Amino acid sequence: MTDQELIRREALQKLRELGIDPYPAEAFDVTAFAADIAANYREEVLEDGTKNRLNYQDVCLAGRIMAVREAGKALFMNLQDSSGRIQLYVRRDEFVYGDDATFFDVVIKKLLDLGDYIGVRGFAFKTRTGEVTVHVRHLKLLSKSLRPLPVVKRDAEGHIYDAFTDPELRHRMRYVDLTVNPEYRQIFIKRSKMIRTMRAYLDELGLLEVETPILQPVYGGALARPFITHHHALDMPLYLRISNELYLKRLIVAGFDGVYEFAKVFRNEGIDRTHNPEFTLMEFYVAYKDYHWLMGVTEQMLERVARALSDDGGPIIPYGEHQLNFAGPYTRFTMAEAIQKYTGLDIETASERHLRAYCDQHNIETDPSMGTAQLLDEIFSEKVEKHLIQPTFILDYPLEMSPLTKKHRSKPGLVERFELYINGKEVANAYSELNDPLDQRQRFEEQRRWAERGDEEAMATDEDFLRALEYGMPPTAGIGFGIDRLAMLFTGQTTIQEVLFFPQMRPEGQRKDAPAAFE
RNA sequence: GAUCCCGUAGCUCAGGCGGUAGAGCACUUGACUUUUAAUCAAGGUGUCAUGGGUUCGAGUCCCAUCGGGAUCACCA
């Protein structure tokens with residue numbers, strides 16, 4: 001234990017000896033917040049020069065002590081609550097009981113530390129320098145902090161000194177991060193508002209919010225390696241879902257016209273600045289619609305989110321050097337048009353050999369097992385994606401890579417699928433859903449052949465899903481959004497870790513400040 | 001998975017060609033009844049990520065391991 005931690009434990013003991021409970025049980029009724037007082041406190045100067053304080057003359061607030069400035073027989077503190085910070089003014093005179101000044105001289109001056117939670121009651125005023133301050137009449141310790149927080153200081157111009165910046169510590173101890181770097185709270189508040197806005201929009205569309213299994217006997221709906229677990233009572237393997245798609249479609253079969261789910265999904269793959277092993281996928285499915293309808297709905301929903309999150313209520317969100325404009329309609333390119341535009345290749349006429357030659361010429365890695373569809377996909381990711389900064393729909397993909405998508409109504413070899421790209425990244429994937437059970441069975445067969453050739457991510461045949469389709473699924477449009485990547489766009493972040501409260505990290509191991517997992 | 005960079009006090013960091021560790025803030029003691037990155041005076045702080053090696057001597061050089069970051073690969 002460090003010296004500072006020992007000193008705090010001693011202070012805790014002394015408080016108890018003085019009859020002060022460092023962790024009192026009773027509620028403390030908060031009647032005001034720091035930011036409100038700072039923003040709305042008013043006073044008037046009367047003709048005789050005296051000041052008349054107009055509001056916040058009896059307030060209770062609670063929060064952490066984030067700074068203390070002692071000034072002889074008085075002291076100033078900065079109190080931080082969920083809304084922000086406000087200065088407190090504490091005078092010794094008001095905490096002397098008879099001749100006993102212990103409460104001020106010992107409890108307040110010696111035994112309180114930065115990071116402690118206190119509750120105070122008093123009145124607002126302005127100091128000589130004009131800072132709105134709460135003059136404290138009563139002070140109560142609400143919770144003692146036993147570890148020193150990193151002390152981040154800010155000057156009047158807003159410059160930050162000794163910032164707590166180590167990403168490892170910030171992510172491992174998000175509670176410390178958000179305490180001393182409160183500006184990061186805005187990211188999570190915006191993320192929450194984004195989800196709330198999407199939910200409200202989908203509710204207005206008349207969709208039903210549902211919950212589907214996270215533990216699945218057969219994983220499907222996406223192409224990815226799953227996490228595997230085991231159910232003891234049933235003595236069977238279960239998979240953490242990589243997608244909720246097949247369950248949502250079962251609910252369309254069941255007769256719901258539209259369903260949606262914000263779903264944590266799990267993929268057993270690498271961790272980097274755009275991938276976390278668990279992430280949030282939001283999918284929705286609507287009966288009797290097609291992928292064209294979905295494009296319009298997507299535009300409306302994202303424009304509404306942008307307006308909810310932008311500073312001025314407009315549809316434009318700054319991201320790095322770009323101004324992303326979420327007002328529809330978005331540019332629509334077929335995959336063929338996009339490739340033609342950015343590479344000059346005409347994929348209607350280009351043979352597999354042509355495509356391979358193009359890849360070799362442009363240093364795009366290929367392997368001999370790749371067919372036309374995979375080559376196109378490679379070319380697309382290397383040459384096209386990075387140009388798609390403003391929201392852009394890319395539509396009509398090759399059949400081979402879309403085992404759950406309906407064949408195109410007029411273009412042989414293609415499917416009715418689109419992906420939404422923003423800032424060069426895919427953020428949504430949508431189709432007119434395949435509802436022909438016989439076709440679906442064939443597609444699963446094809447996946448099985450991939451699996452037999454060693455493709456670990458090929459989709460397993462889900463017999464119960466096929467049975468559902470055989471009972472009949474209406475024509476349906478469905479879409480999935482990567483919520484974390486959308487949150488990154490809407491909050492200006494470049495790593496997924498910054499939009500997750502608790503990103504996955506390796507265990508701390510031998511770190512000296514690590515809490516012991518077991519006695 | 002590959003490559004490169006990083007890991008020194010509670011936090012942010014400095015430690016030249018190898019000679020046994022420093023600053024600011026935090027902390028401790030004292031002064032100050034409107035301070036605000038408070039100020040002033042005095043004083044502590046550390047398994048230099050971990051384990052080996054080279055050396056008379058390692059924070060420093062070498063190797064391995066752990067953790068983090070960046071780039072790349074993977075994510076059809």
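Everything numeric in this text was worked out from a predicted model, so none of it was measured. Every chain is numbered from 1 and lettered A, B, ... according to where its sequence line falls, protein lines coming before strand lines.
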Would you say A/Arg121 has more than 12 foreign heavy atoms packed within less than 6.0 Å of its CZ? no

Could you tell me whether A/Tyr358 and A/His354 have their ring centroids closer than 6.0 angstrom? no

Would you say B/rU35 has OP1 or OP2 under 4.0 Å from some side-chain N or O of A/Arg69? no

What's the CD-C1' distance between A/Glu168 and B/rC5, to the nearest Å? 15 Å

Under 4.0 angstrom between A/Arg506 side-chain N/O and B/rG67 OP1 or OP2: yes

Got a salt bridge between A/Glu385 and A/Lys425, using NZ or NE/NH1/NH2 to carboxylate O under 4.0 Å? no

With under 30° as parallel and over 60° as perpendicular, where do the rings of A/Tyr89 and A/Phe125 fit, or are they tilted in between? tilted

With no angle test and no hydrogens, is the base of B/rU35 tied to the side chain of A/Thr127 by a donor-acceptor pair under 3.5 Å? yes

Could you list the protein-to-nucleotides 72-76 of chain B atom pairs, N/O on both sides, closer than 3.5 Å?
residue, atom, partner, partner atom, Å
B/rC75, O3', A/Glu457, OE1, 3.3
B/rC75, O2', A/Glu269, OE1, 3.1
B/rC75, O2, A/His275, NE2, 2.2
B/rA76, OP2, A/Leu223, O, 2.8
B/rA76, O3', A/Asp377, OD2, 3.1
B/rA76, N6, A/Gln447, OE1, 3.4
B/rA76, N6, A/Gln447, NE2, 3.1

So which of A/Glu261, A/Glu278, A/Glu283 actually passes salt bridge (charged side-chain N to carboxylate O under 4.0 Å, His left out) with A/Arg241? A/Glu261

Any side-chain N or O of A/Arg91 under 4.0 Å from OP1/OP2 of B/rU34? no

Using whole Å, what does the distance between atom C1' of nucleotide B/rA26 and atom CG of A/Asn78 come to? 15 Å

Taking the chi torsion of B/rG69, is it syn (within 90° of 0) or anti (everything else)? anti

For B/rG24, is there a stacking contact with A/Tyr161, counting only centres under 5.5 Å and planes under 30°? no

Answer yes or no: side-chain N or O of A/Asp3 and base N or O of B/rG44 forming a donor-acceptor pair under 3.5 Å. no

Between A/Arg356 and A/Glu352, is there a side-chain N and carboxylate O pair less than 4.0 Å apart? yes

Enter syn or anti for the glycosidic conformation of B/rC4, syn applying to angles within 90° of 0. anti

Under 6.0 Å between ring centres: does that hold for A/Phe188 and A/Phe501? yes

Provide, to the nearest angstrom, the distance between the CD1 atom belonging to A/Ile86 and the P atom belonging to B/rU35. 17 Å

Consecutive Watson-Crick or G-U pairs in runs of at least 3, all under 3.5 Å, in which RNA chain B is involved: B:1-7 with B:66-72, B:10-13 with B:22-25, B:27-31 with B:39-43, B:49-53 with B:61-65

Under-3.5 Å donor-acceptor pair between A/Gln87 side chain and B/rU35 base: yes

Examine A/Arg170 relative to A/Tyr184 and say whether NZ or CZ is less than 6.0 Å from the centre of the six-membered ring and inside a 45° cone about the ring axis. yes

Spatial distance of atom OG (A/Ser243) from atom CG (A/Leu248) [nearest 0.5 Å]: 7.5 Å

Phosphate-side-chain proximity, A/Lys153 and B/rA38, N/O vs OP1/OP2 below 4.0 Å: yes

Below 4.0 angstrom from OP1 or OP2 of B/rG30, is there any side-chain N or O of A/Lys110? yes

